[in-house]
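Have a look at the structure below, then the notes.
Both ligands and their constituent atoms are indexed starting at 1 by order of listing.
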Amino acid sequence: MYENFFGLDELKLNDEEKYGLSWANLGYWHGNHSYSKAGRNLAIELGKSLELSKKDRLLDVGFGLGEQLLLWHSYFDIDSIVGLNPSEIQNEYAKSRISKEKLAKKISLFTGTSADISRFNSKKFDKIIALDCAYHFETRIKFIRDSIDLLGDGGALGMIDLFPTEKMLKWPQKIMNSLITKFFHIDKKNLMTIRDFELEINEMDVFEAEIIDISNYIFPGFCNYINKEGVKNQSGLKKMKITAKLLSFFHRKDYVRAFKIILKKNI
Ligand SMILES: C[S@@+](CC[C@H](N)C(=O)[O-])C[C@H]1O[C@@H](n2cnc3c(N)ncnc32)[C@H](O)[C@@H]1O
């Protein structure tokens with residue numbers, strides 16, 4: 001089921017080998033550069049804010065085609081990485097990259113959804129990451145609650161995530177159901193404003209939260225890239241082209257925003 005939507009199409013978007021050829025996120029854009037650079041920038045942006053370092057035991061949920069798993073090791077020097085992702089086809093692809101790089105002892109992969117993280121042992125990780133994917137989880141809030149037990153003392157959770165604005169939540173339910181839930185595979189319970197999300201986090205009384213709006217570094221760059229000659233005429237990118245069209249409209253109308261979220265466990 002996950003394979004239909006989360007496959008290998010994104011490989012066609014990647015375009016600059018030195019930055020990695022299997023990113024599958026919206027990217028973090030500083031003007032007009034390659035998609036690969038933007039994909040890597042987004043991972044580095046989150047990794048730096050999460051203060052990833054050599055001593056960390058890391059859990060990465062929703063790792064896509066696995067480019068980020070290699071980055072956590074090469075850029076942040078991390079030797080203990082566990083990845084969890086529901087798409088078998090993506091996981092096979094990531095596994096083959098990892099074994100080619102001879103990193104199988106440092107990076108272990110599991111097939112499963114965010115709901116499966118509760119199977120890991122208590123305090124097993126120092127950092128947990130969800131890079132451009134927690135809006136798909138069932139649910140984002142359950143994932144965060146389950147993370148609390150998995151994180152060691154002083155551990156932290158980092159996410160790049162999308163939230164609807166109040167304006168969007170007023171749309172008729174029919175449109176929400178067909179467009180957001182069905183097309184984008186987003187659980188309805190994740191449709192909350194960033195303000196309501198922050199209130200829920202504060203109520204947990206476990207995290208110190210840092211939430212930064214990064215919308216302007218995400219949506220215009222991604223949408224312009226997909227509309228470039230040479231990209232827009234390429235076959236096999238239907239999902240990305242529709243996504244770019246919708247996101248461009250949503251951003252212009254302020255219906256959706258993108259955030260970098262760091263939740264540091266204060267106990
Ligand atoms: C937009 S892609 C991001 C991939 C990757 N993080 C990256 O930055 O290249 C979304 C990812 O979320 C994963 N995903 C979807 N539903 C999920 C769930 N319920 N639990 C965990 N991961 C999920 C998909 O398999 C896919 O790899």
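Protein heavy atom at the shortest distance from atom 8 (O) of ligand 1 is N25 ND2, 3.0 Å. Nearest protein heavy-atom neighbour of atom 13 (C) of ligand 1: N85 OD1, 3.5 Å. Scanning all protein heavy atoms for the shortest distance to atom 16 (N) of ligand 1 gives H136 CB, 3.4 Å. If you check which protein heavy atom lies closest to atom 5 (C) of ligand 1, you get Q68 OE1, 3.0 Å. Of the protein's non-hydrogen atoms, the one nearest atom 21 (C) of ligand 1 is F137 CE2, 3.3 Å. The protein non-hydrogen atom at the shortest distance from atom 27 (O) of ligand 1 is Q90 OE1, 2.8 Å. Among all non-hydrogen protein atoms, the one lying nearest atom 20 (N) of ligand 1 is S114 N, 2.9 Å. Protein heavy atom in closest approach to atom 19 (N) of ligand 1: E138 OE2, 2.9 Å.
Contacts between Y135 and ligand 1, counted as non-hydrogen atom pairs separated by less than 4.0 Å, involve the side chain only. With a 4.0 Å cut-off on non-hydrogen atoms, F63 touches ligand 1 through its backbone and not its side chain.
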Practice prompt. Decide yes or no on side-chain contact (heavy atoms from CB on, under 4.5 Å) for D126 and K55, but give the supporting numbers first.
Written response: CA-CA 9 Å; D126 303 296; K55 62 174 182 22; over 6 Å; no
Discussion item. Is there a side-chain contact (heavy atoms from CB on, under 4.5 Å) between D161 and F259? Walk through the geometry before answering.
Written reply: CA-CA 5 Å; D161 207 354; F259 294 90; 5.6 Å; no
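Under a 4.0 Å N-O distance rule, the pair K232/E229 qualifies as a salt bridge. E67 has a carboxylate O that lies under 4.0 Å from a charged side-chain N of R97, or vice versa, which qualifies the two as a salt bridge.
For the residue pair D213/S215, the side-chain donor-acceptor check at 3.5 Å is satisfied. There is no side-chain donor-acceptor pair under 3.5 Å between N91 and Y2. Residues S122 and D149 have side chains that bring a donor and an acceptor to within less than 3.5 angstrom of each other.
Geometrically, ligand 1 and L131 share a nitrogen or oxygen pair separated by less than 3.5 Å. For ligand 1, none of its N or O atoms has an N or O atom of D132 under 3.5 Å away. Backbone and side-chain nitrogen or oxygen atoms of F6 are examined, and none is located within less than 3.5 angstrom of a nitrogen or oxygen of ligand 1.
Interface of G64 with ligand 1, defined as ligand atoms under 4.0 Å from a residue heavy atom, comprises 4 (C), 5 (C), 27 (O).
When the heavy-atom distances from atom 17 (C) of ligand 1 to P86, S87, A24, G83 are ranked, the shortest goes to P86. Of the listed options C133, A115, A130, C133 places a heavy atom closest to atom 11 (C) of ligand 1.
Nearest heavy atom pair, residue M192 against residue F163, reads O-CD2, 3.3 Å. Nearest heavy-atom pair across L179 and W171 is CD2-CZ3, 4.0 Å.
Cation-pi geometry between K142 and F137 is not met: the NZ or CZ atom fails to fall both under 6.0 Å from the ring centre and inside 45° of the normal.
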